[in-house]
Amino acid sequence: MKTFLALIKNNIRMTILHKPLSFVLTTCIPVIVLIIASRVVTYSSSLVNVGVSDADKSVASNAIVDIIEELEGIEVFDMEAEEIESRFQSNKINVALKIDKGFQEELINGKIEDILVIGNESQNVYTLLQSILKNHLLNLRNIGKVAEGDVSEFEISVKNYFETSQYVEKTPLNDLYTEYNNSNIFVGILILFVFFNASSIANVINTDRERNIYSRIFLSDAKVWMYYLTNVLCNLAISVFQIGISVLGMKYLSDSAIGLSSSSLFIILLCTAAVAISLGTFYVALFEDPDVSSMVSNLANLLIIILGGCFIQVELFPDLIDKISYISPARWAMQSILDMQQGVTMHEIQSNLFYLVGLAVVIFIVAIIITSKKERKFRVIS
């Protein structure tokens, strides 16, 4: 136990006490970014552009278009169905509503057909607009059933419905969309620091090698597994602290919504940190020179972050890059957050979390195997 505590003390000294300013900055910078994003970026948000193709031109379809126009932060563009794809490609619209001819007739017959919300399912605005329209469409279908095929009665009922159910408060769709994006930027930066910090702390092992502390440790009663375990535990404790500070900062220092609870966000980031720590140990196992290990880990981590959608929204990825991006553990973390923002429960994303934890275990086992072979040679030479 005395040896174990001495190893923990050495890790803390090298990771925190040796560079206290670096530790403070890496803990505070994500929170500072969050505060700036919530106070500055949110208030400069732009409108959400919705393209509407209404081929039915009926009382019911006009009512649906009126609903969208009533939403705060929405700008509606009338267009033909053939124009939708080109408008998406030129980024002139964020989401589209396509109403086919026969929409009202289907409602009168008790069906919700010939209407389609088009957009990327990863975008919050797509889900939010779909959710807002859902209840109104169900009500219109019920009105159609009551009308029993009478078009005149149906149209009068639709007009009365919207006259008596106007919005008391307009829904700020673009504000919520922007807040989610601001929060996701913060989470992306936090994941970046988690990966880089984990690799930096793991690299203490190589620093010990360079300063001959490593050889002295293994000429004592210390075991290989004990030395590496203390590094991993210290790494995990620091990650928990930094993630906890950042999540609390989001809750109490920012007005931005993220669309999931603090505890859920903490669990997702903790599973991500487990992968980051395992990767940090893996880099050290492969490269014994601290400079080489640091360079390789920085490049690898940067690639993981970029592919993970931490800085670039995943809906902007080309199809090929989108498929490749799932090799990045950061993508699984960001996807879990995006899913929960769209109403998915923690139970439904547990497969993502199991994948992250499983990946961490596999990488760590590989690192142990590589390290064990190297340490066996080291002890023979010693």
Side-chain angles (χ1 to χ4, degrees), residues 47-174 176-177 315 319 338-339 341-345 348:
L47 295 172
V48 173
N49 297 327
V50 178
V52 175
S53 169
D54 182 6
D56 199 44
K57 302 295 182 183
S58 61
V59 171
S61 65
N62 288 335
I64 294 296
V65 175
D66 288 342
I67 291 171
I68 299 172
E69 290 178 338
E70 282 293 316
L71 297 173
E72 185 179 335
I74 289 288
E75 187 167 359
V76 174
F77 294 89
D78 292 324
M79 61 187 64
E80 298 298 324
E82 296 77 15
E83 298 179 83
I84 292 176
E85 185 175 352
S86 62
R87 294 294 181 92
F88 270 119
Q89 291 177 349
S90 61
N91 291 323
K92 291 183 179 179
I93 58 174
N94 306 106
V95 66
L97 182 69
K98 184 172 177 285
I99 304 175
D100 292 333
K101 191 166 184 61
F103 168 68
Q104 178 170 292
E105 184 179 347
E106 292 294 339
L107 285 174
I108 294 173
N109 293 326
K111 300 177 182 178
I112 302 177
E113 295 182 5
D114 298 319
I115 183 168
L116 181 65
V117 180
I118 305 170
N120 192 309
E121 293 186 7
S122 299
Q123 283 190 315
N124 295 303
V125 64
Y126 165 84
T127 308
L128 291 169
L129 184 60
Q130 196 174 49
S131 176
I132 289 169
L133 292 177
K134 182 178 179 180
N135 289 334
H136 288 292
L137 288 170
L138 290 174
N139 289 335
L140 289 177
R141 184 187 65 181
N142 292 334
I143 290 173
K145 290 179 178 178
V146 172
E148 296 181 342
D150 190 324
V151 176
S152 177
E153 183 179 343
F154 174 80
E155 292 181 347
I156 292 172
S157 299
V158 168
K159 290 177 181 178
N160 290 335
Y161 167 72
F162 285 103
E163 286 176 0
T164 57
S165 62
Q166 290 296 317
Y167 292 96
V168 176
E169 181 179 357
K170 294 181 180 180
T171 307
L173 186 62
N174 67 321
L176 190 56
Y177 175 58
E315 60 263 24
D319 290 339
L338 290 171
D339 288 344
Q341 286 176 341
Q342 296 169 26
V344 173
T345 64
E348 291 174 291

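Side chains included, hydrogens not; waters and symmetry mates left out as well; all remaining heavy atoms used.
- Note: Lys98 NZ to Ile115 CD1 = 11.0 Å, rounded to the nearest 0.5 Å.
- Taking CG of Asp150 as the start and OG of Ser157 as the end, the distance is 8.5 Å to the nearest 0.5 Å.
- The side chain to side chain donor-acceptor pair (under 3.5 Å) test applied to Thr345 returns Glu348, not counting sequence neighbours.
- Using a 4.5 Å heavy-atom cutoff, the side chains of Ile156 and Asn160 are in contact.
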Requested in this report: Given side chain to side chain contact (heavy atoms under 4.5 Å, CB included), test Lys92 with Asn49 step by step and report yes or no.
Outcome: CA-CA 7 Å; Lys92 291 183 179 179; Asn49 297 327; 5.9 Å; no
Query - Worked verdict on Phe103 versus Leu137 for side chain to side chain contact (heavy atoms under 4.5 Å, CB included) - result: CA-CA 11 Å; Phe103 168 68; Leu137 288 170; 3.8 Å; yes
Query raised in the report: When you look at Leu138 and Arg141, which way does the side chain to side chain contact (heavy atoms under 4.5 Å, CB included) test go after all the steps?
Result: CA-CA 5 Å; Leu138 290 174; Arg141 184 187 65 181; 3.7 Å; yes
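- With rounding to the nearest 0.5 Å, the separation of CZ in Arg87 from CD1 in Ile84 is 10.0 Å.
- Considering only residues two or more places apart in sequence or on other chains, Glu153 meets the salt bridge (charged side-chain N to carboxylate O under 4.0 Å, His left out) condition with none of them.
- Here the side chains of Val59 and Lys159 are in contact, with some heavy-atom distance below 4.5 Å.
- Side-chain atoms of Leu97 and Ile68, non-hydrogen and from C-beta on, do get closer than 4.5 Å to each other.
- Interatomic distance, Ile143 CD1 to Glu155 CD, rounded to the nearest 0.5 Å: 12.0 Å.
- Side-chain contact between Phe77 and Val52 is absent, with no heavy atoms from C-beta onward closer than 4.5 Å.
- Rounded to the nearest 0.5 Å, atoms CD (Glu83) and CD1 (Ile93) are 9.5 Å apart.
- The two residues Ala55 and Lys101 have their closest heavy-atom pair at CB-N, 3.8 Å.
- The two residues Phe154 and Leu107 come nearest to each other via the heavy atoms CZ-CB, 4.0 Å.
- Remark: Glu105 CD is loosely packed, at most 12 non-hydrogen atoms of other residues, nucleotides or ligands lying under 6.0 Å away.
- Between Ile118 and Phe88, the shortest heavy-atom distance links the atoms O-CZ, 3.5 Å.
- Here the shortest heavy-atom pairing between Asp56 and Gln104 reads OD2-N, 3.1 Å.
- When all heavy atoms of Glu80 and Ser53 are compared, the pair lying nearest together is C-OG, 3.7 Å.
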Query raised in the report: Could you go step by step and tell me if Lys145 and Ile108 meet the side chain to side chain contact (heavy atoms under 4.5 Å, CB included) rule?
Result: CA-CA 6 Å; Lys145 290 179 178 178; Ile108 294 173; over 6 Å; no
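- Residues Val50 and Glu75 are not in side-chain contact: their nearest non-hydrogen atoms beyond the backbone lie 4.5 Å or more apart.
- Counting all heavy atoms, side chain and backbone alike, Asp54 lies closest to Ser61 at OD2-OG, 3.0 Å.
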